[in-house]
Asks: 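Below is one structure. I have some questions about it.
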Amino acid sequence: MKLTSLMRIRGDFEGMSPTSHALKRLEQKHAHLRTKHVVASEKNNKLQKLIKLQNPGIKIINDVLTETASDVDKHDDHEAHLWTPPCQGFAAGGKNRGTKDERFKPFQCVFKNILKKKHDFSIFECSAGILRGKHKQVVKEMVDKAHDVGLNAHADVLNPLDYQVAHDRNRLIMVLLNPSRQVAPFDWPRAIAPEPMASEFLEGPKSTHKIKLPEHERERKIARQACCKAMQAGHDPRKVPILVDIDSSEGFDTFGINRFRTFLHSHPKGPWSSLTGKRVTAKDLLHAQGYVPEQVPWEKAGMNRQDLGRAVGNGLNVAVLTAVMEKCLESTGYIEQHAADEL
């Protein structure tokens with residue numbers, strides 16, 4: 001057992017640093033656990049500053065594609081690895097270009113290093129679109145390659161709704177474990193009831209009399225259609241928040257009833273709420289990605305509301321990461337087996 005060992009982790013494509021938030025929660029829950037976020041890769045200057053504010057002394061890699069083999073070896077001072085590579089190519093927004101998408105190159109680069117280093121565990125997150133059609137072969141090949149180098153691979157689709165966050169967003173999570181480091185089998189974290197509701201944290205004055213639709217004609221039409229569909233399903237948009245991506249194309253039903261739906265980097269303003277007749281606030285966006293808003297110094301990092309919206313659209317949900325990482329720590333002996341429960 002490693003109950004007094006330090007667990008160091010690298011996070012690639014780190015964005016808002018969900019890794020640091022997950023680690024802090026796990027350390028608070030497991031008193032003996034010692035962790036350190038030692039390396040992160042991120043190209044955006046403002047996000048680099050945000051990462052440093054939350055992790056003083058961390059090593060920042062600007063671009064994984066410029067890392068040489070010796071650089072990778074030099075930075076290999078960690079037992080775990082999280083990577084959330086660009087995956088727009090596996091979604092409709094990226095025109096389903098898949099492996100032909102230019103953004104697949106950093107994906108391949110990091111995966112190659114992970115197979116070579118064979119850390120205690122690694123966690124991979126991607127759009128669930130990678131499981132559809134021709135893209136399914138990518139996941140199969142990843143699992144096969146992991147097995148070829150002796151790693152145990154586990155893949156499943158997880159949703160923040162199952163971990164007490166009002167955000168409906170299916171994501172593929174793959175966990176790779178080094179069997180020589182495992183002390184127990186890996187189990188996926190179980191869902192936590194009851195299902196969360198966005199109305200528990202949404203900010204702003206609520207109107208129970210008349211819905212204030214967006215002023216722009218196209219946005220107004222999308223919002224009205226969503227509210228009508230919600231009413232047909234038995235929900236009053238004046239009492240239950242209908243959260244609508246009014247920046248989406250009219251052919252997509254991108255709205256949630258008392259929950260957020262998938263965020264997009266290209267829609268940084270965030271969804272419109274039927275209760276307030278306005279876009280949701282910055283705090284609302286952070287809540288929907290599992291953060292405690294007061295713990296994210298995004299303004300101090302020089303980010304504006306648009307910057308935050310883009311970062312949130314690219315990010316990994318903190319609640320999902322925390323639940324999965326806890327199970328990885330249990331399997332590799334950093335915390336006691338069966339000690340993990342709801343956060």
Side-chain angles (χ1 to χ4, degrees), residues 15-16 88 91-94 127-129 159-161 164-171 195-293 296 298-299 303-319:
M16 294 174 60
Q88 295 92 331
S127 164
N159 193 305
L161 287 175
Q164 292 294 287
V165 179
H167 186 185
D168 187 3
R169 190 187 201 193
N170 284 330
R171 307 295 284 181
E195 193 170 286
M197 296 181 290
S199 55
E200 296 173 353
F201 61 80
L202 286 173
E203 292 191 315
K206 316 297 190 294
S207 173
T208 58
H209 302 290
K210 186 177 180 180
I211 299 172
K212 183 181 178 182
L213 293 168
E215 294 182 3
H216 190 279
E217 184 178 348
R218 190 186 68 83
E219 295 174 352
R220 190 181 187 88
K221 181 178 179 181
I222 293 172
R224 183 185 290 112
Q225 289 175 341
C227 289
C228 288
K229 290 180 179 180
M231 291 177 69
Q232 290 170 5
H235 303 279
D236 187 343
R238 297 169 300 176
K239 299 178 181 179
V240 178
I242 312 303
L243 299 167
V244 190
D245 182 1
I246 55 176
D247 299 309
S248 67
S249 300
E250 293 182 25
F252 291 92
D253 284 338
T254 312
F255 68 92
I257 299 173
N258 215 346
R259 63 180 62 167
F260 285 75
R261 290 291 297 278
T262 299
F263 293 146
L264 294 175
H265 176 273
S266 56
H267 299 173
K269 295 180 181 179
W272 169 89
S273 169
S274 65
L275 288 189
T276 63
K278 298 178 180 180
R279 304 268 188 171
V280 297
T281 68
K283 283 188 176 181
D284 294 335
L285 290 177
L286 290 168
H287 272 300
Q289 277 291 57
Y291 290 94
V292 175
V296 184
W298 58 278
E299 290 176 302
M303 298 171 67
N304 58 33
R305 175 64 173 72
Q306 293 275 91
D307 296 327
L308 179 67
R310 292 189 185 94
V312 165
N314 265 352
L316 168 58
N317 194 283
V318 177

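Numbering of residues begins at 1 and proceeds along the displayed sequence. Fair warning: this is a prediction, and the values are worked out from it, not measured in the lab. These values consider heavy atoms only, across backbone and side chains, with no hydrogens, waters or symmetry-generated copies.
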Asks: Examine distances only and state if a side-chain atom of W272 and a backbone atom of G277 form a donor-acceptor pair shorter than 3.5 Å.
Replies: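 Yes: the side chain of W272 pairs with the backbone of G277.
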Asks: Can you tell whether the side chains of R279 and E219 come within less than 4.0 Å, N to carboxylate O?
Replies: yes
Asks: Test side chain to side chain contact (heavy atoms under 4.5 Å, CB included) on R171 and S127 and set out the steps.
Replies: CA-CA 5 Å; R171 307 295 284 181; S127 164; 3.8 Å; yes
Asks: For the residue pair V244 and A223, what are the closest heavy atoms and their distance?
Replies: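 Heavy-atom minimum between the residues: CG1-CA, 4.3 Å.
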Asks: Find out whether S274 and R238 are in side-chain contact, i.e. whether some heavy atom of one side chain is under 4.5 Å from a heavy atom of the other.
Replies: no
Asks: Determine whether L275 and I211 satisfy the following criterion, side chain to side chain contact (heavy atoms under 4.5 Å, CB included), listing intermediate values before the conclusion.
Replies: CA-CA 7 Å; L275 288 189; I211 299 172; over 6 Å; no
Asks: Any sub-3.5 Å donor-acceptor pair from R169's side-chain atoms to L161's backbone N or O?
Replies: no
Asks: So T254 and L264, do their side chains get closer than 4.5 Å, heavy atoms only?
Replies: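 No. Closest side-chain heavy atoms not under 4.5 Å.
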Asks: Going from CG on D284 to CD on E203, what distance comes out if it is rounded to the nearest 0.5 angstrom?
Replies: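 Atom-to-atom, D284:CG and E203:CD are 5.5 Å apart.
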Asks: Out of curiosity, E200 CD to Q164 CD, how far, rounded to the nearest 0.5 Å?
Replies: 8.0 Å
Asks: Looking only at heavy atoms, what is the nearest atom pair of A288 and V165, with distance?
Replies: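 Looking at all heavy atoms of both residues, the shortest contact is O-CG1, 3.3 Å.
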Asks: What residues form a side chain to side chain contact (heavy atoms under 4.5 Å, CB included) with K212, not counting sequence neighbours?
Replies: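 For K212, no residue satisfies side chain to side chain contact (heavy atoms under 4.5 Å, CB included) once neighbours in sequence are set aside.
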Asks: Please identify each residue that fulfils side-chain hydrogen bond (donor to acceptor under 3.5 Å, both in side chains) with E195, with sequence neighbours left out.
Replies: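 Only R259 meet the side-chain hydrogen bond (donor to acceptor under 3.5 Å, both in side chains) criterion with E195.
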Asks: Sequence neighbours left out, what passes side chain to side chain contact (heavy atoms under 4.5 Å, CB included) with A311? Give chain and number order.
Replies: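 Checked A311 against side chain to side chain contact (heavy atoms under 4.5 Å, CB included); matches are M16, L47, M303.
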Asks: So how far is it from K239 NZ to S199 OG, rounded to the nearest 0.5 Å?
Replies: 13.5 Å
Asks: Is there a donor-acceptor pair under 3.5 Å between the side chain of R220 and the backbone N or O of E215?
Replies: no
Asks: Below 4.5 Å, heavy atoms only, C-beta onward: do P271 and F255 meet side chain to side chain?
Replies: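 No, every pair of side-chain atoms sits at 4.5 Å or beyond.
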Asks: For P241 and S273, which heavy atoms make the closest approach, and how far apart are they?
Replies: CB-OG, 4.3 Å
Asks: Ignoring hydrogens, what is the shortest heavy-atom contact between A282 and L308? Give both atom names and the distance.
Replies: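 Nearest heavy atoms, A282 then L308: CB-CD2, 3.5 Å.
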Asks: With a 4.5 Å limit on heavy-atom distance, are the side chains of Y291 and V312 in contact?
Replies: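 Answer no - side chains too far apart.
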Asks: Would you confirm whether N170, through its side chain, and P160, through its main-chain N or O, come within 3.5 Å as a donor-acceptor pair?
Replies: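 No: the side chain of N170 does not pair with the backbone of P160.
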Asks: Kindly compute the distance separating CD1 (I242) from CE (M231), expressed to the nearest 0.5 Å.
Replies: 10.0 Å
Asks: Determine whether D307 and R310 make a side-chain contact, defined as any pair of heavy atoms from C-beta on separated by less than 4.5 Å.
Replies: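 Touching, per the 4.5 Å side-chain cut-off.
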Asks: If you round to the nearest 0.5 Å, how far is CD1 of I257 from NE2 of H235?
Replies: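 Answer rounded to 0.5 Å: 4.0 Å.
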Asks: So which of H267, K269, R261 actually passes side chain to side chain donor-acceptor pair (under 3.5 Å) with D245?
Replies: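 Among H267, K269, R261, the one that satisfies the side chain to side chain donor-acceptor pair (under 3.5 Å) with D245 is H267.
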Asks: What's the separation between atom OG in S266 and atom CG in D247, rounded to the nearest 0.5 Å?
Replies: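 If I round to the nearest 0.5 Å, the distance is 8.5 Å.
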Asks: Under 6.0 Å between ring centres: does that hold for F263 and H167?
Replies: yes
Asks: Between T276 and T281, is there a side-chain heavy-atom distance shorter than 4.5 Å?
Replies: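 Side chain of T281 against side chain of T276, heavy atoms only: no contact under 4.5 Å found.
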